[in-house]
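As structure tokens, the structure follows; a few thoughts come after it.
Every chain is numbered from 1, with letters handed out A, B, ... down the list of sequences. Only heavy atoms go into these numbers, but all of them, side chains included; no hydrogens, no water, no symmetry mates.
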2 protein chains.
Amino acid sequence: MSDGAQFRQVAPVRLYQRIVEQIEQAIARGDLKPGQRLPSERELVTQFGASRPTVREALRVLESNGLVRSRHGDPNGPEILPFSSDRMTKEMARLVQFDNVSIAELISFRMILDGSASLLAARLRSEEELSAMERTLAVMADAIETGYEEFSKADVAFHEAVAVASRNSLIEVCNQVVRGAVLSLISDKVAHAHNSTALMRESLRHHEEVLEAIRAGDGPAAASISRRKLYEYYAGYVPEDERGPLLALMDDEEG
Amino acid sequence: MSDGAQFRQVAPVRLYQRIVEQIEQAIARGDLKPGQRLPSERELVTQFGASRPTVREALRVLESNGLVRSRHGDPNGPEILPFSSDRMTKEMARLVQFDNVSIAELISFRMILDGSASLLAARLRSEEELSAMERTLAVMADAIETGYEEFSKADVAFHEAVAVASRNSLIEVCNQVVRGAVLSLISDKVAHAHNSTALMRESLRHHEEVLEAIRAGDGPAAASISRRKLYEYYAGYVPEDERGPLLALMDDEEG
DNA sequence: CCGTTATCACTGGCCTGACCAGTAAGCTCA
DNA sequence: TGAGCTTACTGGTCAGGCCAGTGATAACGG
């Protein structure tokens with residue numbers, strides 16, 4: 001085996017791919033900013049020197065990737081979209097669906113992410129972020145009477161606020177994704193089971209504890225409480241013989 | 001505002017999307033398994049009752065999403081691909097590029113994932129998994145003389161083995177994704193900077209410490225060492241004023 | 001008899017040209 | 001001035017065609 005040169009595998013490059021690349025790079029470079037418009041398909045045909053079906057294939061791919069959006073009849077042409085994590089959300093949903101990820105794994109992962117978010121938030125939060133969290137808890141408190149719909153929304157908002165305060169957008173995005181995945185797996189059960197004032201009140205108390213730890217700057221405590229809260233909330237949906245990993249995530253901070 | 005009915009927003013559904021949906025669902029249901037083939041484009045045209053450009057748009061989208069692959073001239077038709085996290089890796093790379101995710105956030109996230117993987121592995125690992133980790137370390141030891149290429153590969157294999165032992169495929173995939181993203185951002189620097197015997201020896205020692213903690217079943221220690229190791233390894237690539245979150249992830253187990 | 005090679009039917013990649021439906025700007029007219 | 005209509009574009013879809021690449025199979029040579 002010669003060490004002189006390293007060769008990469010090659011694959012035939014389709015025309016539409018070249019087009020996708022060019023547009024992607026233009027967006028990445030900032031030459032095309034969200035809100036701006038691409039030339040019309042027929043104009044792109046002349047610019048790229050390809051046929052309309054080919055240009056359209058490229059546009060469909062870009063559209064599927066959330067980079068642009070074509071609207072039938074829009075005289076301004078396809079629109080450059082702002083970045084969104086929807087795409088990754090979809091990807092992770094696919095991961096869960098195809099890679100037979102168990103609900104135990106999902107919840108375990110949520111415990112990790114949420115715990116870490118709380119830990120970081122406790123260290124890094126600003127006063128403003130702190131009061132943002134307080135506001136979501138106030139909404140939750142009000143929503144106990146209003147109904148589970150509102151309560152759940154405020155719940156999500158709280159976790160979102162914590163994630164923001166952790167100053168790590170990956171945590172934010174992943175947490176959001178996993179939360180969505182969990183909910184989609186147990187949504188109907190949750191809607192009925194947790195639609196009780198007592199449970200909401202308990203949940204609110206847990207959230208308050210987390211917030212208190214974050215306010216106190218006690219990261220480990222915030223993380224521990226977050227994880228425990230999630231465990232208690234969701235353990236019922238996990239078969240008993242799969243709860244080991246969840247427990248393993250909790251009993252480390254107190255031994 | 002009437003509470004009677006909830007309406008979702010609608011968008012015109014393109015024909016190619018219906019095709020994508022149908023094929024996606026067939027794969028999700030398991031009617032189409034990896035390795036199997038789709039009918040030829042012309043056959044799909046008759047089955048879906050759409051024109052060839054439309055069918056092709058659908059195939060390009062599916063291809064871009066990593067679900068199928070068309071090969072020019074292949075008489076067997078497009079191939080159903082096995083699930084792969086490549087797509088998510090690319091997505092995350094895009095996230096980093098467009099959503100101004102800093103390298104600090106990436107490394108912080110890696111510390112979280114890797115730490116959690118070590119923690120869980122310490123609790124859940126089987127003897128076999130333990131010896132798998134040992135084997136990768138042995139390869140690393142050998143590779144110190146061989147070169148950084150081999151060493152790095154074994155390094156990855158070790159982390160992979162730990163992730164597997166954590167029994168959480170989400171950790172496994174995400175860690176892999178983030179590792180890829182980090183490397184793609186600092187690849188050239190690393191290739192040169194760490195191509196030193198002393199550094200490799202040091203890295204190996206760190207890995208051995210982690211393994212020891214995992215073998216001892218000491219989750220917190222394994223997690224703490226993992227995180228510290230990553231910090232020391234990568235902190236150099238993070239601007240000093242962004243290292244706060246990284247440090248926040250470490251000083252909790254020892255206070 | 002078996003391995004090699006050439007054939008060929010079919011594949012995907014790409015193009016042309018056309019028709020319809022939707023959009024919004026500008027015009028008309030009250 | 002403002003509401004409606006016209007119109008010149010847009011994207012969505014189709015039919016049909018050409019070329020190049022692939023792989024099973026048939027013909028071939030040892």
For Cys174(A), the option from Ile112(A), Asn168(A), Leu113(A) that meets side chain to side chain contact (heavy atoms under 4.5 Å, CB included):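 Running side chain to side chain contact (heavy atoms under 4.5 Å, CB included) over Ile112(A), Asn168(A), Leu113(A) with Cys174(A) returns exactly one hit, Leu113(A).
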
Whole angstroms only, please: what is the [atom1]-[atom2] distance between [X] and [N]?
X        : N       : atom1 : atom2 : value
Phe48(A) : dC14(C) : CZ    : P     : 14 Å
Ile19(A) : dG13(C) : CD1   : C1'   : 13 Å
Arg37(B) : dC10(C) : CZ    : C1'   : 14 Å

Is a salt bridge present between [X] and [Y], judged by a nitrogen-to-oxygen distance below 4.0 Å?
X         : Y         : answer
Glu57(A)  : Arg56(B)  : yes
Glu105(B) : Arg110(B) : no
Glu63(A)  : Arg14(B)  : yes
Arg37(A)  : Asp74(A)  : yes

Per-nucleotide protein contact string for nucleotides 15-25 of chain C (B base, S sugar-phosphate only, - none; heavy atom under 4.0 Å): BB-BB-BBBS-

Touch class at under 4.0 angstrom, heavy-atom based, for Arg69(B) against every strand present: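 It contacts nothing in the nucleic acid.
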
Sugar-phosphate only, base, or nothing, as touched by Pro12(A) at under 4.0 Å among non-hydrogen atoms: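 Counting heavy atoms under 4.0 Å across all strands, no contact is made by Pro12(A).
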
Candidate pair Lys153(B) and Glu160(B), rule salt bridge (Lys or Arg N to Asp or Glu O under 4.0 Å), full reasoning: CA-CA 10 Å; Lys153(B) 255 164 121 176; Glu160(B) 205 63 45; over 6 Å; no

First and last nucleotide of DNA chain D, 5' to 3', lying under 4.0 Å from heavy atoms of chain B: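 Contact boundaries, 5' end first: dG12(D) to dG23(D).
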
